Protein chains: 2
Amino acid sequence: MDDVSKAIIEQLQQDGRRSYAAIGKVVGLSEAAVRQRVQRLIESGVMQVVAVTDPLELGFARQAMVGIRVSGPLEPVADRLAELDEVDYVVITAGSFDLLVEVVCETDEHLLELISGSIRTVEGVVATETFMYLSLRKQTYSWGVR
Amino acid sequence: MDDVSKAIIEQLQQDGRRSYAAIGKVVGLSEAAVRQRVQRLIESGVMQVVAVTDPLELGFARQAMVGIRVSGPLEPVADRLAELDEVDYVVITAGSFDLLVEVVCETDEHLLELISGSIRTVEGVVATETFMYLSLRKQTYSWGVR
DNA sequence: AGTGAAACGACCGTAGA
DNA sequence: TCTACGGTCGTTTCACT
(Lines give C-alpha, C1' and ligand atoms only; values in the text may rest on other atoms or scores of the structure.)
Protein backbone atom coordinates (compact mmCIF):
# COMPACT_ATOMS: atom_id res chain seq x y z
CA MET A 1 0.00 0.00 0.00
CA ASP A 2 1.95 2.97 -1.26
CA ASP A 3 0.82 6.49 -2.08
CA VAL A 4 0.07 5.57 -5.68
CA SER A 5 -2.40 2.86 -4.68
CA LYS A 6 -3.98 5.29 -2.24
CA ALA A 7 -4.37 7.79 -5.06
CA ILE A 8 -5.96 5.13 -7.24
CA ILE A 9 -8.41 4.26 -4.47
CA GLU A 10 -9.25 7.92 -4.06
CA GLN A 11 -10.09 8.18 -7.74
CA LEU A 12 -12.38 5.18 -7.55
CA GLN A 13 -14.02 6.51 -4.40
CA GLN A 14 -15.04 9.55 -6.42
CA ASP A 15 -16.26 7.46 -9.36
CA GLY A 16 -16.08 3.69 -9.40
CA ARG A 17 -16.42 3.59 -13.19
CA ARG A 18 -13.60 5.98 -14.02
CA SER A 19 -11.41 4.43 -16.71
CA TYR A 20 -7.99 3.00 -15.91
CA ALA A 21 -6.49 5.32 -18.51
CA ALA A 22 -7.98 8.43 -16.88
CA ILE A 23 -6.77 7.29 -13.45
CA GLY A 24 -3.34 6.61 -14.92
CA LYS A 25 -3.06 10.18 -16.12
CA VAL A 26 -3.81 11.51 -12.65
CA VAL A 27 -1.53 9.18 -10.72
CA GLY A 28 1.26 9.05 -13.31
CA LEU A 29 1.09 5.42 -14.37
CA SER A 30 0.25 3.57 -17.55
CA GLU A 31 -3.22 2.19 -18.05
CA ALA A 32 -2.00 -1.41 -17.67
CA ALA A 33 -0.23 -0.68 -14.40
CA VAL A 34 -3.35 0.91 -12.92
CA ARG A 35 -5.44 -2.06 -14.00
CA GLN A 36 -3.05 -4.54 -12.38
CA ARG A 37 -3.01 -2.57 -9.15
CA VAL A 38 -6.80 -2.32 -9.05
CA GLN A 39 -7.07 -6.06 -9.65
CA ARG A 40 -4.66 -6.77 -6.81
CA LEU A 41 -6.44 -4.36 -4.47
CA ILE A 42 -9.74 -6.12 -5.16
CA GLU A 43 -8.39 -9.67 -5.00
CA SER A 44 -6.61 -8.99 -1.71
CA GLY A 45 -9.80 -7.59 -0.19
CA VAL A 46 -8.49 -4.08 0.40
CA MET A 47 -11.15 -2.58 -1.83
CA GLN A 48 -14.25 -3.39 -3.81
CA VAL A 49 -16.06 -1.40 -6.46
CA VAL A 50 -19.82 -1.70 -6.04
CA ALA A 51 -23.14 0.05 -6.48
CA VAL A 52 -24.60 1.46 -3.27
CA THR A 53 -28.24 2.47 -3.26
CA ASP A 54 -30.51 4.77 -1.31
CA PRO A 55 -33.01 2.65 0.66
CA LEU A 56 -35.64 5.39 0.61
CA GLU A 57 -35.57 5.62 -3.18
CA LEU A 58 -36.18 1.89 -3.42
CA GLY A 59 -39.15 1.82 -1.07
CA PHE A 60 -37.33 0.74 2.08
CA ALA A 61 -38.64 3.46 4.32
CA ARG A 62 -37.77 2.04 7.72
CA GLN A 63 -34.20 1.77 8.89
CA ALA A 64 -32.93 1.24 12.39
CA MET A 65 -29.88 0.35 14.43
CA VAL A 66 -30.60 -2.40 16.95
CA GLY A 67 -28.41 -2.71 20.02
CA ILE A 68 -28.40 -6.25 21.35
CA ARG A 69 -27.39 -7.84 24.63
CA VAL A 70 -26.37 -11.47 24.46
CA SER A 71 -25.79 -14.24 26.97
CA GLY A 72 -22.93 -16.59 26.18
CA PRO A 73 -20.62 -16.55 23.15
CA LEU A 74 -21.15 -13.67 20.72
CA GLU A 75 -20.00 -15.02 17.37
CA PRO A 76 -22.74 -17.63 16.85
CA VAL A 77 -25.44 -15.06 17.59
CA ALA A 78 -23.79 -12.48 15.36
CA ASP A 79 -23.54 -14.94 12.51
CA ARG A 80 -27.14 -16.10 12.88
CA LEU A 81 -28.29 -12.49 12.67
CA ALA A 82 -26.02 -11.89 9.69
CA GLU A 83 -27.99 -14.50 7.77
CA LEU A 84 -31.13 -12.36 7.80
CA ASP A 85 -31.72 -10.53 4.52
CA GLU A 86 -33.04 -7.41 6.22
CA VAL A 87 -29.83 -7.11 8.24
CA ASP A 88 -27.15 -5.27 6.31
CA TYR A 89 -24.60 -4.63 9.06
CA VAL A 90 -23.50 -6.67 12.08
CA VAL A 91 -20.68 -5.75 14.42
CA ILE A 92 -19.55 -7.19 17.74
CA THR A 93 -18.89 -4.32 20.13
CA ALA A 94 -17.49 -3.54 23.56
CA GLY A 95 -19.87 -1.50 25.69
CA SER A 96 -23.39 -1.75 26.99
CA PHE A 97 -24.41 -3.57 23.81
CA ASP A 98 -22.70 -6.74 22.67
CA LEU A 99 -23.86 -6.39 19.08
CA LEU A 100 -25.00 -3.58 16.83
CA VAL A 101 -27.15 -4.58 13.89
CA GLU A 102 -28.46 -2.29 11.17
CA VAL A 103 -31.74 -3.28 9.55
CA VAL A 104 -33.57 -2.14 6.41
CA CYS A 105 -37.30 -2.69 6.06
CA GLU A 106 -40.18 -1.57 3.90
CA THR A 107 -42.81 -0.93 6.56
CA ASP A 108 -43.33 -0.75 10.31
CA GLU A 109 -45.06 -4.13 10.22
CA HIS A 110 -42.10 -5.65 8.45
CA LEU A 111 -39.71 -4.10 11.00
CA LEU A 112 -41.78 -5.31 13.94
CA GLU A 113 -41.88 -8.82 12.56
CA LEU A 114 -38.13 -8.76 11.99
CA ILE A 115 -37.24 -7.56 15.48
CA SER A 116 -39.87 -9.43 17.42
CA GLY A 117 -40.14 -12.54 15.30
CA SER A 118 -36.62 -13.01 13.97
CA ILE A 119 -34.00 -11.15 15.98
CA ARG A 120 -35.45 -11.64 19.45
CA THR A 121 -36.05 -15.35 18.93
CA VAL A 122 -32.40 -16.07 18.20
CA GLU A 123 -30.92 -18.23 20.96
CA GLY A 124 -28.73 -16.09 23.20
CA VAL A 125 -30.39 -12.73 22.54
CA VAL A 126 -31.54 -11.45 25.91
CA ALA A 127 -32.42 -7.81 25.19
CA THR A 128 -32.70 -5.41 22.28
CA GLU A 129 -32.98 -1.65 21.96
CA THR A 130 -34.08 -0.12 18.67
CA PHE A 131 -32.94 3.23 17.34
CA MET A 132 -35.20 4.22 14.47
CA TYR A 133 -33.54 6.34 11.83
CA LEU A 134 -35.13 9.75 11.49
CA SER A 135 -32.59 11.33 9.15
CA LEU A 136 -29.36 10.08 7.63
CA ARG A 137 -27.02 13.08 7.59
CA LYS A 138 -23.73 11.61 6.40
CA GLN A 139 -22.63 8.41 4.78
CA THR A 140 -19.21 8.47 3.19
CA TYR A 141 -17.13 5.69 1.77
CA SER A 142 -14.06 7.91 1.55
CA TRP A 143 -13.14 8.35 5.20
CA GLY A 144 -9.60 9.32 6.05
CA VAL A 145 -9.44 11.56 2.98
CA ARG A 146 -9.19 15.27 2.20
CA MET B 1 -37.97 2.08 -10.86
CA ASP B 2 -39.01 -0.99 -12.77
CA ASP B 3 -37.68 -4.53 -12.62
CA VAL B 4 -35.14 -3.85 -15.35
CA SER B 5 -33.51 -1.05 -13.39
CA LYS B 6 -33.50 -3.26 -10.33
CA ALA B 7 -31.75 -5.96 -12.34
CA ILE B 8 -29.18 -3.42 -13.53
CA ILE B 9 -28.55 -2.32 -9.95
CA GLU B 10 -28.12 -5.93 -8.91
CA GLN B 11 -25.48 -6.44 -11.58
CA LEU B 12 -23.57 -3.40 -10.42
CA GLN B 13 -23.84 -4.47 -6.80
CA GLN B 14 -21.99 -7.63 -7.78
CA ASP B 15 -19.37 -5.74 -9.77
CA GLY B 16 -19.42 -1.99 -10.15
CA ARG B 17 -17.15 -2.11 -13.20
CA ARG B 18 -19.14 -4.59 -15.27
CA SER B 19 -19.54 -3.28 -18.82
CA TYR B 20 -22.83 -1.86 -20.04
CA ALA B 21 -22.83 -4.40 -22.85
CA ALA B 22 -22.46 -7.35 -20.46
CA ILE B 23 -25.25 -5.99 -18.25
CA GLY B 24 -27.40 -5.49 -21.33
CA LYS B 25 -27.10 -9.15 -22.25
CA VAL B 26 -28.30 -10.22 -18.81
CA VAL B 27 -31.21 -7.78 -18.55
CA GLY B 28 -32.18 -7.87 -22.23
CA LEU B 29 -31.40 -4.31 -23.26
CA SER B 30 -28.99 -2.64 -25.66
CA GLU B 31 -25.73 -1.19 -24.41
CA ALA B 32 -26.95 2.38 -24.93
CA ALA B 33 -30.17 1.78 -23.02
CA VAL B 34 -28.28 0.36 -20.04
CA ARG B 35 -25.89 3.31 -20.14
CA GLN B 36 -28.76 5.80 -20.14
CA ARG B 37 -30.47 4.06 -17.25
CA VAL B 38 -27.31 3.90 -15.18
CA GLN B 39 -26.69 7.58 -15.81
CA ARG B 40 -30.22 8.43 -14.71
CA LEU B 41 -29.99 6.24 -11.63
CA ILE B 42 -26.81 7.99 -10.59
CA GLU B 43 -27.96 11.53 -11.42
CA SER B 44 -31.21 11.06 -9.53
CA GLY B 45 -29.35 9.83 -6.45
CA VAL B 46 -30.86 6.35 -6.40
CA MET B 47 -27.46 4.73 -6.79
CA GLN B 48 -23.77 5.46 -6.87
CA VAL B 49 -20.89 3.32 -8.02
CA VAL B 50 -17.91 3.72 -5.70
CA ALA B 51 -14.90 2.00 -4.21
CA VAL B 52 -15.38 0.88 -0.62
CA THR B 53 -12.32 -0.04 1.38
CA ASP B 54 -11.44 -2.14 4.40
CA PRO B 55 -10.30 0.20 7.21
CA LEU B 56 -8.11 -2.46 8.79
CA GLU B 57 -6.17 -2.99 5.56
CA LEU B 58 -5.45 0.72 5.37
CA GLY B 59 -4.15 1.04 8.91
CA PHE B 60 -7.33 2.35 10.52
CA ALA B 61 -7.46 -0.14 13.34
CA ARG B 62 -9.94 1.56 15.65
CA GLN B 63 -13.57 1.83 14.74
CA ALA B 64 -16.49 2.67 16.98
CA MET B 65 -20.11 3.66 17.05
CA VAL B 66 -20.75 6.63 19.30
CA GLY B 67 -24.22 7.15 20.74
CA ILE B 68 -24.84 10.81 21.52
CA ARG B 69 -27.38 12.65 23.62
CA VAL B 70 -28.05 16.24 22.64
CA SER B 71 -29.80 19.22 24.20
CA GLY B 72 -31.77 21.41 21.82
CA PRO B 73 -32.12 21.02 18.04
CA LEU B 74 -30.49 17.97 16.54
CA GLU B 75 -29.67 18.96 12.96
CA PRO B 76 -27.01 21.60 13.73
CA VAL B 77 -25.18 19.16 16.00
CA ALA B 78 -25.46 16.35 13.48
CA ASP B 79 -24.12 18.54 10.71
CA ARG B 80 -21.22 19.83 12.83
CA LEU B 81 -20.23 16.23 13.58
CA ALA B 82 -20.62 15.31 9.92
CA GLU B 83 -17.87 17.79 9.09
CA LEU B 84 -15.27 15.74 10.96
CA ASP B 85 -13.09 13.64 8.63
CA GLU B 86 -12.94 10.71 11.04
CA VAL B 87 -16.74 10.51 11.11
CA ASP B 88 -18.06 8.44 8.23
CA TYR B 89 -21.68 8.00 9.29
CA VAL B 90 -24.16 10.27 11.08
CA VAL B 91 -27.80 9.49 11.67
CA ILE B 92 -30.46 11.20 13.76
CA THR B 93 -32.34 8.53 15.69
CA ALA B 94 -35.34 8.03 17.92
CA GLY B 95 -34.50 6.25 21.16
CA SER B 96 -32.17 6.71 24.09
CA PHE B 97 -29.59 8.27 21.77
CA ASP B 98 -30.37 11.28 19.62
CA LEU B 99 -27.51 10.63 17.22
CA LEU B 100 -25.44 7.66 16.16
CA VAL B 101 -22.04 8.44 14.70
CA GLU B 102 -19.56 5.95 13.30
CA VAL B 103 -15.90 6.88 13.56
CA VAL B 104 -12.74 5.51 11.95
CA CYS B 105 -9.34 6.12 13.58
CA GLU B 106 -5.78 4.88 13.33
CA THR B 107 -4.96 4.54 17.03
CA ASP B 108 -6.49 4.73 20.49
CA GLU B 109 -4.88 8.14 21.02
CA HIS B 110 -6.44 9.39 17.83
CA LEU B 111 -9.83 8.03 18.88
CA LEU B 112 -9.58 9.55 22.35
CA GLU B 113 -8.69 12.93 20.92
CA LEU B 114 -11.59 12.71 18.48
CA ILE B 115 -14.20 11.82 21.06
CA SER B 116 -12.92 13.91 23.93
CA GLY B 117 -11.50 16.82 21.96
CA SER B 118 -13.79 17.08 18.97
CA ILE B 119 -17.13 15.34 19.47
CA ARG B 120 -17.70 16.18 23.12
CA THR B 121 -16.81 19.85 22.66
CA VAL B 122 -19.52 20.41 20.06
CA GLU B 123 -22.17 22.78 21.44
CA GLY B 124 -25.27 20.78 22.37
CA VAL B 125 -23.59 17.43 22.99
CA VAL B 126 -24.43 16.47 26.56
CA ALA B 127 -23.38 12.82 26.74
CA THR B 128 -21.67 10.15 24.65
CA GLU B 129 -21.37 6.41 24.86
CA THR B 130 -18.75 4.61 22.80
CA PHE B 131 -19.12 1.13 21.35
CA MET B 132 -15.70 -0.06 20.22
CA TYR B 133 -15.78 -2.44 17.30
CA LEU B 134 -14.35 -5.83 18.14
CA SER B 135 -15.33 -7.68 14.97
CA LEU B 136 -17.24 -6.66 11.86
CA ARG B 137 -19.31 -9.71 10.87
CA LYS B 138 -21.43 -8.44 8.01
CA GLN B 139 -21.44 -5.42 5.78
CA THR B 140 -23.51 -5.68 2.63
CA TYR B 141 -24.47 -3.09 0.10
CA SER B 142 -27.02 -5.39 -1.53
CA TRP B 143 -29.73 -5.57 1.10
CA GLY B 144 -33.20 -6.56 0.02
CA VAL B 145 -31.78 -9.05 -2.47
CA ARG B 146 -31.75 -12.80 -2.89
C1' DA C 1 6.30 -3.91 -11.37
C1' DG C 2 6.51 -1.37 -15.12
C1' DT C 3 6.10 0.24 -20.50
C1' DG C 4 4.58 0.19 -25.45
C1' DA C 5 2.05 -1.39 -29.46
C1' DA C 6 -1.60 -3.65 -32.04
C1' DA C 7 -6.09 -6.02 -32.05
C1' DC C 8 -10.18 -6.01 -29.96
C1' DG C 9 -14.12 -4.47 -27.39
C1' DA C 10 -16.50 -0.77 -24.86
C1' DC C 11 -18.28 3.74 -24.77
C1' DC C 12 -20.40 7.96 -26.51
C1' DG C 13 -23.11 10.97 -29.43
C1' DT C 14 -26.53 11.28 -32.58
C1' DA C 15 -30.43 9.96 -35.57
C1' DG C 16 -34.62 7.76 -35.95
C1' DA C 17 -38.69 5.12 -34.25
C1' DT D 1 -37.25 5.39 -23.72
C1' DC D 2 -35.52 2.34 -26.93
C1' DT D 3 -32.41 0.60 -31.09
C1' DA D 4 -28.83 1.25 -34.60
C1' DC D 5 -24.57 2.74 -36.03
C1' DG D 6 -19.89 5.03 -36.62
C1' DG D 7 -16.11 7.36 -34.49
C1' DT D 8 -13.33 7.52 -30.54
C1' DC D 9 -11.34 5.86 -26.62
C1' DG D 10 -10.38 2.14 -23.30
C1' DT D 11 -8.91 -2.58 -22.54
C1' DT D 12 -6.40 -6.75 -23.33
C1' DT D 13 -2.57 -9.42 -24.55
C1' DC D 14 2.10 -9.97 -25.27
C1' DA D 15 6.88 -9.05 -25.91
C1' DC D 16 10.29 -6.48 -23.52
C1' DT D 17 12.67 -4.12 -19.53
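The structure presented is a predicted model; accordingly, all values stated were derived computationally and were not measured.
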Any base atoms under 4.0 Å from R35(B), or only sugar-phosphate, or nothing? Heavy atoms, all strands.
base
Aromatic ring proximity, centroids under 6.0 angstrom, W143(B) and F60(A):
yes
Upstream residue (5' side of DNA chain C) when K25(B) and L29(A) are each assigned their closest nucleotide:
L29(A)
Roughly how many Å is it from [atom1] in [X] to [atom2] in [N], rounded to a whole number?
{"X": "D2(A)", "N": "dA1(C)", "atom1": "CG", "atom2": "P", "value": "10 Å"}
{"X": "E31(A)", "N": "dA5(C)", "atom1": "CD", "atom2": "P", "value": "14 Å"}
{"X": "R17(B)", "N": "dT12(D)", "atom1": "CZ", "atom2": "C1'", "value": "14 Å"}
{"X": "D15(B)", "N": "dT11(D)", "atom1": "CG", "atom2": "P", "value": "13 Å"}

Between the side chains of E113(A) and S118(A), does any donor sit under 3.5 Å from an acceptor?
no
Regarding S96(B) and E129(A), is there a side-chain donor-to-acceptor distance under 3.5 Å anywhere?
yes
Quick one: which of dT11(D), dG4(C), dT1(D) gets closest to the side chain of R40(B)?
dT1(D)
Of the listed nucleotides dT11(D), dT3(D), dT3(C), the one nearest the side chain of Q36(B):
dT3(D)
Look at the rings of F97(A) and F131(A) and say which category their plane angle falls in: under 30° parallel, 30 to 60° tilted, over 60° perpendicular.
perpendicular
